[in-house]
Amino acid sequence: MRRRLAPVLEGRTFTRVEILDTRLTRPYEPHEVAAELQGERVVEVDRRGKYLIVRFASGRALLVHLRMTGTLLHEPDGATHVRALVELDDGTTLAYRDVRRFGTWLLLEPADVAPYLAAKLGEEPLLPAFTAKGLGERLRGRRAPLKAALLDQRTLAGLGNIYVDEALWYSKLHPLREAGTLDADELKRLHRAIRKVLELGIARQGSTLSDYRLPDGSSGSMQDEFRVYGRVAEPCDRCGTEIAKTRVGGRGTWFCSRCQAAQSN
DNA sequence: ACCTCGTCCTGGTTGC
DNA sequence: TGCAACCAGGACGAGG
């Protein structure tokens, strides 16, 4: 999304902003945020974890979190569930569509951007600084299920329910494994698997299960790469055992009970 | 400090 | 066929 949005937004000025959903900018007034955004010029579209960061020449930044069903559409054609509209100085329009209304827009002053993100997010798993050893340090002493620890954005940034299940399958680790008990080899496998699934997700441009779209309206294809997510009773691609479904931390959880044994290997 | 769970929200699916 | 109940989940606040 960031990669597709950057060429559309960078250098553009927000000439008119209309926020249609009062939930989007909570707790701030939609019309006040819209007024503040008007006239801002985009210098960069950045990303941190699951936040899109629209950086303006003023130093301020708009943090967009798409949550479940948010999408940013350039030149939308008859889109439904449009929650905000941005007119750009090249005459084109950016629409924010969000069926479930979980997404958020937060406009931050220059000094607040870095501290806000630092408080909410752990390391970026695709940067060189992210290591298996570092991952071990983040998990050390934690008694929560491994899956729950990985879904916590402060452990590392960017993994959601799909990517955690996929990463655990690749690393052959059980979702209920106590997070702090992984040995060096398991951490190495997990580290590799996390990078693999995120890189695959980016290459496939995300998973379109129903609502997710790229800014040009096209679909992602990561759903075609799923090894476990949503595949209950289908055979495991590695061993043929039927994929199991359970709940961990209130989330649907798919795994192979043979490949991902409860105990360490 | 850490952990778990309920809540928000809508539309698609399931079950009677 | 119609309608109610259920399911999907990221982040956050309450409570343990």
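The figures that follow rest on heavy atoms only: side chains count, while hydrogens, waters and symmetry mates do not. Every chain is numbered from 1 and lettered A, B, ... according to where its sequence line falls, protein lines coming before strand lines. What you see is a predicted model, and the numbers here were worked out from it, not measured in a lab.
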A.B. asks: Please give, in whole Å, the distance from C/dG10 P to A/Leu150 CG?
C.D. replies: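 Going from A/Leu150 (CG) to C/dG10 (P), I get 13 Å.
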A.B. asks: For a quick check of understanding: with a heavy-atom distance under 4.0 Å over all strands, which category does A/Arg154 fall into, base, sugar-phosphate or nothing?
C.D. replies: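 Contact class for A/Arg154: none.
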A.B. asks: Rounded to whole Å, please give me the gap between CG in A/Leu106 and C1' in C/dG10.
C.D. replies: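 Interatomic distance, CG of A/Leu106 to C1' of C/dG10: 16 Å.
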A.B. asks: When you measure from the side chain of A/Glu75 to the backbone of A/Thr92, do you find a donor-acceptor pair of N or O atoms at a distance under 3.5 Å?
C.D. replies: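 No, the answer is negative, given that no donor and acceptor are paired below the 3.5 Å cut-off.
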A.B. asks: Any base atoms under 4.0 Å from A/Lys245, or only sugar-phosphate, or nothing? Heavy atoms, all strands.
C.D. replies: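 Since only primed, P, OP1 and OP2 atoms lie under 4.0 Å of A/Lys245, the category is sugar-phosphate.
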A.B. asks: Looking at B/dG11, I'd like to know if its phosphate oxygens (OP1 or OP2) sit under 4.0 Å from a side-chain N or O belonging to A/His81.
C.D. replies: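 Answer is yes, contact under 4.0 Å.
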A.B. asks: Can you tell me if A/Thr155 and A/Arg142 form a side-chain donor-acceptor pair at under 3.5 Å?
C.D. replies: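 Indeed, the side chains of A/Thr155 and A/Arg142 share at least one donor-acceptor pair under 3.5 Å.
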A.B. asks: Where along nucleotides 11-16 of chain C does protein come under 4.0 Å, by heavy atom, of base (B) or sugar-phosphate alone (S), with - for untouched nucleotides?
C.D. replies: BS----
A.B. asks: What is the distance from CG of A/Asp98 to P of B/dG11, rounded to the nearest Å?
C.D. replies: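 Checked: the CG to P distance equals 11 Å.
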A.B. asks: Which residue pairs satisfy the side chain to side chain donor-acceptor pair (under 3.5 Å) criterion with at least one member in residues 239-260 of chain A, sequence neighbours excluded?
C.D. replies: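 For residues 239-260 of chain A: A/Lys147-A/Thr253.
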A.B. asks: In whole angstrom, give the distance that lies between atom CD of A/Glu178 and atom P of B/dT4.
C.D. replies: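 Rounded to the whole Å, the gap is 10 Å.
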A.B. asks: Nearest of C/dA8, B/dT10, B/dC8 to any side-chain atom of A/Tyr229?
C.D. replies: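 Among C/dA8, B/dT10, B/dC8, the one nearest the side chain of A/Tyr229 is C/dA8.
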A.B. asks: Output the rounded distance in Å from CZ (A/Arg97) to P (B/dT10).
C.D. replies: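 For the pair A/Arg97 CZ and B/dT10 P, the rounded distance is 13 Å.
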A.B. asks: Quick one: is B/dG11 close enough that its OP1 or OP2 comes under 4.0 Å of any side-chain N or O from A/Arg100?
C.D. replies: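 No, because none of the side-chain N or O atoms of A/Arg100 sits under 4.0 Å from OP1 or OP2 of B/dG11.
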A.B. asks: Measure from the side-chain N and O atoms of A/Thr15 to the backbone N and O of A/Glu87, and report whether any donor-acceptor pair falls under 3.5 Å.
C.D. replies: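 Yes, the answer is positive, given that a donor and an acceptor are paired below the 3.5 Å cut-off.
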A.B. asks: OP1 or OP2 of B/dT7 sitting under 4.0 Å from any side-chain N/O of A/Arg23?
C.D. replies: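 A/Arg23 to B/dT7 OP1/OP2: no side-chain N or O under 4.0 Å.
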A.B. asks: Mapping A/Ala148 and A/Arg101 to their closest nucleotides on DNA chain B, which lands nearer the 5' end?
C.D. replies: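 Closer to the 5' end of DNA chain B: A/Ala148.
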A.B. asks: Between A/Leu66 (CG) and B/dC9 (C1'), how many Å, whole number?
C.D. replies: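 Nearest whole value for this atom pair: 16 Å.
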A.B. asks: Out of B/dG11, C/dA8, B/dT4, which has the shortest distance to the side chain of A/Pro145?
C.D. replies: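 Closest nucleotide to the A/Pro145 side chain: B/dT4.
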A.B. asks: Measure the distance from CG on A/Leu176 to C1' on B/dT4 and round it to the nearest whole Å.
C.D. replies: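 Atom-to-atom, A/Leu176 to B/dT4, this comes out as 14 Å.
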A.B. asks: So which heavy atom on A/Glu166 is nearest to which on A/Val228, and how close?
C.D. replies: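 Smallest heavy-atom distance, with atoms named: OE2-N, 3.0 Å.
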A.B. asks: Does one side chain, of A/Arg97 or A/Thr80, offer a donor that lies under 3.5 Å from an acceptor on the other?
C.D. replies: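 Looking only at side-chain atoms, A/Thr80 and A/Arg97 do form a donor-acceptor pair, the distance falling under 3.5 Å.
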A.B. asks: Checking all strands, does A/Gly249 fall into the base, sugar-phosphate, or nothing category for heavy-atom contacts under 4.0 angstrom?
C.D. replies: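 Touches nothing.
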A.B. asks: Send over the distance from A/Met68 CE to B/dG12 P, rounded to a whole Å.
C.D. replies: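 After rounding, the reported distance stands at 15 Å.
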A.B. asks: With respect to A/Leu146, which candidate in A/Thr181, A/Val164, A/Leu190 satisfies the side chain to side chain contact (heavy atoms under 4.5 Å, CB included) definition?
C.D. replies: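 Output: one option passes, namely A/Leu190.
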